[in-house]
Amino acid sequence: MLAPMPQARRAPESAPIPKHAARRLLAWYDASARELPWRERGGAPPDPYRVWLSEIMLQQTRVAAVVPYFAEFIRRWPTVEALAAAPLDEVLAAWAGLGYYARARNLHACARRVAGELGGKFPATEEGLCALPGIGPYTAAAIAAIAFGARAAAVDGNVLRVIARLFAVEEPLPAAKPRLAALAKALTPATRPGDYAQAIMDLGATLCAPRDPDCGACPWRGICAARARGIAARLPVRAAKRTRPIRRGIAFWAQRGDGAVLLRRRPDSGLLGGMMEIPSTPWRAEPWELDEALDAAPLASRWRLLPGTVGHDFTHFRLELAVAAGRAREARKVPGEWCALDELSARALPTLMRKVTRHALASLA
DNA sequence: CATCCGTGGTC
DNA sequence: TGACCAAGGAT
């Protein structure tokens, strides 16, 4: 029987770590760093509250989308104690439009933990941070490095891409993540780890972009294995995704004589958890007939289907929502709550429901 | 590990 | 226009 051949593949621990890579990146960062509201200038010590808030908002969300939300949150709740004292519903309403609403619920829960049992102080270690709601491995490392100067490697999507290219790792994600994370950690310097964490993410967000990377301007152009082999643009390799199914439903736009609209609160967990909505049928693959949908209507009325539909793409499915309009003749008790039209903007309505509102108002105008 | 969570930008 | 994907976390 033949003995198995030894693997020719290099173990990750033995991959050569380029000398001075971190120093070179930091020099590039010092010369090119963008000015962002949560970034300290002039060597002022970072405020862990601001670092934490920005990192939660930046999860799977672009800088441009976060900037106005960060400013508004800091204006309304300048400290973790202020945020902890706010009603959850106000926090959800302020978060509306930013997406991934579990982040807002966890944000609030985390603020209460820190302001309460932790005496207003965020933990300074990755382990301590990771135990808090809404803080996972990436965010814990980012806060530990940026706010507390710990030598922690914050490995996000940008870093995975940069490292995959730097070492020309062709193994597909997500299987390659542990290897890439180990390489990222080995590359992290003991000096200025917070600036380094932001620098490598900045590199991924600007020059080392997913497509058409600007390798000629990269501080690592001389040491990048993928660039040397001409394969930078097609790394990292990702496993194929499946196509999104379509779900359909009918939303019920119920208006009272005074113009108020009927809203309903969604369950605390799951899709759009804790947010407000226009009541609707369940969402399913098969289209609905209006007659059949009336079983799910929040009240009896002469419902009529408005022309057109509202389309919205979630991560794992596309939703096509028709809208039925009806009048509530009496002020009798119905499930949910009535909301005046000019107060809708202040409610915790996710983007999908704002689309429904816009659609209904345009059709009825 | 796979799946579920929003939204907006980009080509 | 459809597909990709972004400073991820919870389950």
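Here is the naming used below: chain letters follow the sequence lines, and residue numbers restart at 1 for every chain. What you are looking at is a predicted structure, and each value in this text was computed from that prediction instead of being measured.
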Closer than 4.0 Å, any side-chain N/O of A:Tyr101 to the OP1 or OP2 of B:dT7? yes
Once you apply a heavy-atom cut-off of 4.0 Å, does A:Thr351 come out as touching a base, just sugar-phosphate, or nothing? sugar-phosphate
From the candidates C:dG9, B:dT10, B:dG6, the one with an atom nearest any side-chain atom of A:Arg211 is B:dT10
Could you tell me how far C:dA7 sits from B:dC4 if I compare only their P atoms? Round to whole Å. 23 Å
Assign A:Leu98 to base, sugar-phosphate, or nothing according to its heavy-atom contacts below 4.0 angstrom with the strands shown. base
For the side chain of A:Arg62, counting heavy atoms from C-beta on, which of C:dG9, C:dA7, C:dC5 is nearest? C:dC5
For a 4.5 angstrom cut-off between non-hydrogen side-chain atoms, does A:Thr139 reach A:Leu129? no
For a quick check of understanding: with a heavy-atom distance under 4.0 Å over all strands, which category does A:Gly97 fall into, base, sugar-phosphate or nothing? sugar-phosphate
Distance check needed: C:dA6 C1' versus A:Glu55 CD, whole Å only. 13 Å
Do A:Thr139 side-chain and C:dG9 base share a donor-acceptor contact under 3.5 Å? no
Atom-to-atom span, CG of A:Leu271 to C1' of C:dG9 - whole angstrom: 16 Å
Given C:dG8, is OP1 or OP2 found less than 4.0 Å from the side-chain N or O atoms of A:Gln60? yes
Which residue lies more 5' along DNA chain C, comparing A:Asn106 with A:Gln198 via nearest heavy atoms: A:Gln198
Do A:Tyr100 side-chain and B:dG6 base share a donor-acceptor contact under 3.5 Å? yes
Winner on side-chain proximity to A:Pro174, out of B:dA2, C:dG9, C:dA7, is B:dA2
Less than 4.0 angstrom from a charged side-chain N to a carboxylate O is my criterion; do A:Asp195 and A:Arg192 meet it? yes
Within the 4.0 Å heavy-atom criterion, would you say A:Arg161 contacts the bases, only the backbone, or no part of the nucleic acid? sugar-phosphate
How long is the line joining CZ of A:Phe314 and P of B:dC4, in whole Å? 13 Å
